[in-house]
Amino acid sequence: MKISAVRGMRDILPEETPLWQHLEAEIRTAFGLYGFRELRTPLVEEAQLFSRGVGEATDVVHKEMYVFQDKKGLPLALRPEATASVVRAYIEHGLYAKGGLAKLYYLGPMFRYEKPQKGRSRQFHQYGVEALGSLDPALDAEVIDLSSYLMERLGLAREGLFLRVNSIGCKGDRVRYREALREHLEPRRDELCPDCQRRLSENPMRILDCKREGCQPAIRTAPRSIDHLCPDCRAHFQEVLSHLDLLGIQYELDHTLVRGLDYYTRTVFELCSRDLGAQDALLGGGRYDDLVELLGGPPTPGVGFAGGMERLVLVLQGQLKKTEKLDVYIVPVGQEREVWRTAAWAASRLRRAGLSADVEYLGRSVRKATQAAAQLARCALFLGPEELAQGQATLKDLSSGKTVPLPLEKLSSPDELHPFFEPEENGDVKGGCGGGQG
RNA sequence: GGGAGCGUAGCUCAAAGGCAGAGCACUGCGCUGUGGCCGCAGGGGUUGCGGGUUCGAGUCCCGUCGCUCCUCCCA
């Protein structure tokens with residue numbers, strides 16, 4: 001039986017992990033600069049957390065969620081997104097009682113049972129932030145600013161990106177807006193695609209982001225959510241936009257941006273790339289002022305976003321990081337047992353001195369092993385009967401080709417060892433291996 | 001969920017019903033214990049899997065799994 005990774009879930013191989021680690025480090029740094037602190041929540045939650053929080057009617061919950069029962073029959077779900085988990089933890093640990101604003105971030109795998117394609121898999125990775133406890137529109141703008149700053153840090157050109165913003169109002173606004181949409185669309189039911197006809201009764205707002213040609217005329221003339229905002233929501237949105245202007249962030253108002261999760265209120269936004277295919281959203285988010293209360297906490301507003309790691313990786317493929325080279329690759333010469341034992345010992349000493357080291361365990365010819373060493377390491381350390389007899393090894397700098405004897409006793413003393421590996425100053429033949437990095 | 005295309009060596013790909021191949025990579029040798037160039041030789045495959053048609057299937061048919069893309073939805 002041949003076993004392979006399950007559909008839509010893949011291995012991230014050592015060639016790719018340096019890029020992932022780089023992205024993760026940049027994300028953590030950016031989030032930290034904005035005052036967010038990491039919260040790690042379980043990958044598994046009670047299924048009802050998501051059906052209540054994200055919405056029973058959403059595709060994410062009712063079509064795409066991995067649900068199973070534990071041994072006691074409790075319905076569990078692999079998390080399809082993290083906001084609901086963060087809010088659950090916020091309530092469970094009484095973070096609201098600790099005063100102030102809770103600014104939390106996360107990073108990790110999410111699961112949705114979908115048909116895999118470019119930029120979409122069943123296990124994927126999201127990074128995101130949630131700011132809980134303030135209704136200040138400056139915070140909406142800050143979160144958007146953070147997403148923009150993150151892209152700058154990652155070296156994504158502004159021209160390749162576009163930011164779409166909209167406001168869908170509070171609960172009451174949405175009820176009124178939904179009615180207005182129905183009134184507009186019902187007479188045009190025949191123009192709409194079958195999906196949209198179904199949405200007309202279930203969730204008319206989702207018709208707005210239908211991409212079918214036939215639906216466009218009805219969508220273009222449809223009423224806009226920002227015309228149905230209550231005075232508070234209208235003022236809030238204006239403040240958000242004015243803060244974005246202040247921060248110098250370019251955006252386009254998109255009246256068709258509604259997003260697929262039920263908990264969003266007021267501000268919604270999406271940051272998209274021009275370099276991706278059908279799945280072009282790098283990150284998306286917005287405000288969710290009713291979610292904490294909905295999940296049993298005190299009324300607490302929130303705003304945040306989530307981004308997809310895989311999509312970042314796609315956009316940044318060109319920047320693949322090279323794997324870091326080892327400091328030393330040890331090549332035992334010949335078959336003598338004592339030589340090989342000394343090689344293993346030397347590796348252990350080098351590592352304790354803080355130098356990364358590996359040994360030629362495959363027993364290839366010295367020629368082949370040296371070739372391999374040049375791929376893997378900055379220096380090769382040759383160790384054979386001749387060296388052993390003199391109590392030393394031969395250290396070779398693989399970029400300059402220079403060799404120098406390294407007395408074995410130096411291996412026991414990091415202080416004496418390090419000079420051999422420090423970059424040469426003013427070209428002095430000090431020996432060693434720090435030379436040109438090539 | 002619906003649609004289209006593709007699965008051949010570790011990788012990139014040939015073979016259009018008739019002996020499964022090339023390049024790169026890998027191993028050895030030229031060069032006996034020191035890389036990058038060059039030359040020679042070698043190892044590698046149940047052609048995704050399972051059926052069927054045929055004297056004969058990588059090739060045609062059916063099924064299945066996987067990948068890619070579109071639709072849908074979203075990160």
Side-chain angles (χ1 to χ4, degrees), chain A residues 1-10 13 15 54 58-64 80-83 107-128 147 193-196 198-199 203 206 209-213 257-261 270-273 276-285 304-315 329-336 339 360 362-388 393-403 438:
Chain A
M1 178 167 70
K2 191 155 65 176
I3 298 177
S4 53
V6 313
R7 177 164 196 187
M9 308 198 182
R10 71 182 199 97
L13 297 173
E15 290 75 44
V54 178
T58 60
D59 284 4
V60 165
V61 167
H62 105 274
K63 298 205 304 214
E64 300 168 359
E81 61 110 49
T83 301
L107 207 58
M110 310 291 160
F111 303 85
R112 292 183 197 173
Y113 193 88
E114 293 190 272
K115 196 179 271 190
Q117 64 178 267
K118 186 189 184 87
R120 177 197 291 164
S121 46
R122 290 184 176 177
Q123 175 175 335
F124 60 105
H125 298 76
Q126 281 190 337
Y127 54 92
S147 68
C193 67
D195 277 340
C196 285
R198 178 177 51 79
R199 289 177 185 133
N203 189 355
R206 301 224 46 80
D209 61 11
C210 179
K211 279 136 201 139
R212 283 178 204 275
E213 262 319 304
L257 178 65
V258 294
R259 307 198 46 78
L261 310 182
E270 251 175 36
L271 185 65
C272 301
S273 165
L276 290 172
Q279 273 67 54
D280 65 348
L282 283 174
L283 58 87
F305 70 78
M309 289 290 292
E310 280 79 359
R311 292 183 190 177
L312 271 188
V313 169
L314 280 175
V315 173
Y329 194 75
I330 301 176
V331 181
V333 177
Q335 277 81 48
E336 278 183 35
V339 164
E360 164 64 23
L362 295 178
R364 292 172 290 198
S365 66
V366 174
R367 168 188 210 69
K368 271 294 162 194
T370 310
Q371 252 175 44
Q375 293 295 315
L376 297 169
R378 290 161 46 213
C379 326
L381 188 70
F382 297 96
L383 192 58
E386 288 171 24
E387 283 92 345
L388 209 53
T394 304
L395 183 66
K396 177 171 190 169
D397 183 316
L398 289 163
S399 52
S400 70
K402 269 183 274 182
T403 58

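Treat the numbers as computed from the prediction; the structure is a model and nothing was measured. Each chain gets a letter, A, B and so on, in the order the sequences are listed, and its residues count up from 1.
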Considering all heavy atoms, the nearest A/Leu398-A/Cys379 contact: CD1-C, 3.5 Å
Assigned partner base of B/G23, Watson-Crick or wobble definition, under 3.5 Å: B/C11
Spacing of the P atoms in B/G18 and B/G28 (rounded, Å): 39 Å
Sugar-phosphate, base or nothing in reach of A/Arg112, heavy atoms under 4.0 Å: base
Distance between P atoms of B/C49 and B/A9 (Å, rounded): 10 Å
Touch class at under 4.0 angstrom, heavy-atom based, for A/Ser147 against every strand present: nothing
A/Gln279/A/Arg311 under side chain to side chain contact (heavy atoms under 4.5 Å, CB included): CA gap, chis, key distance, verdict: CA-CA 8 Å; A/Gln279 273 67 54; A/Arg311 292 183 190 177; 3.1 Å; yes
Separation of the P atoms in B/G50 and B/C13, to the nearest angstrom: 25 Å
Nearest-angstrom distance, C1' atom, B/C55 to B/G48: 27 Å
Validation row: A/Leu107, A/His125 side chains within 4.5 angstrom (heavy atoms): no
Salt bridge A/Arg259-A/Glu270, side-chain N to carboxylate O under 4.0 Å: yes
Cation-pi geometry met for A/Arg122 and A/Tyr113 (6.0 Å, 45°): yes
Touch class at under 4.0 angstrom, heavy-atom based, for A/Leu261 against every strand present: sugar-phosphate
Where A/Gly8 and A/Pro116 come nearest, the two heavy atoms and their spacing: CA-CG, 3.9 Å
Interatomic distance, A/Leu362 CG vs B/U27 P [rounded to whole Å]: 8 Å
Nucleotides 30-36 of chain B: protein proximity per nucleotide (B base, S sugar-phosphate only, - neither; heavy atom, under 4.0 Å): BB-BBBB
Separation of the C1' atoms in B/U8 and B/A4, to the nearest angstrom: 22 Å
Gap between atoms CE and P, on A/Met9 and B/C67 respectively (whole Å): 11 Å
Touch class at under 4.0 angstrom, heavy-atom based, for A/Ala373 against every strand present: nothing
Rounded interatomic separation in angstrom, taking CZ from A/Arg198 and P from B/G2: 15 Å
Side-chain donor or acceptor of A/Gln126 paired with backbone N/O of A/Pro109 under 3.5 Å: no
Spacing of the C1' atoms in B/G58 and B/A14 (rounded, Å): 11 Å
Sugar-phosphate, base or nothing in reach of A/Gly285, heavy atoms under 4.0 Å: nothing
Side-chain donor or acceptor of A/Gln375 paired with backbone N/O of A/Ala372 under 3.5 Å: no
Nucleotide opposite B/G66 in a Watson-Crick or G-U pair, distances under 3.5 Å: B/C6
Same-atom distance (P) from B/G30 to B/G35, integer angstrom: 13 Å
For atom CD of A/Glu360 and atom C1' of B/C26, their distance in whole Å: 14 Å
For A/Glu81, side chain to side chain donor-acceptor pair (under 3.5 Å) partners two or more places apart: A/Tyr263
Protein-nucleotide distance (A/Glu114, atom CD; B/G2, atom P), rounded to Å: 15 Å
Any donor-acceptor N/O pair, A/Glu360 side chain to A/Arg364 backbone, under 3.5 Å: yes
5′-ward residue of the pair A/Phe124/A/Tyr113 relative to RNA chain B: A/Tyr113
Rounded distance in Å between the P positions of B/C40 and B/A22: 14 Å
A/Glu114 and A/Arg120 ion-paired at < 4.0 Å: yes
Watson-Crick/G-U partner (both atom distances under 3.5 Å) of B/C40: B/G28
Give me the distances for all protein-to-nucleotides 68-70 of chain B N/O pairs that come in under 3.5 Å?
| unit_1 | atom_1 | unit_2 | atom_2 | d |
| --- | --- | --- | --- | --- |
| B/C69 | OP2 | A/Lys118 | N | 2.2 |
| B/C70 | OP1 | A/Ala278 | N | 3.1 |
| B/C70 | OP2 | A/Gln117 | OE1 | 2.9 |

Pairing partner (Watson-Crick or G-U wobble, both distances under 3.5 angstrom) of B/U47: none
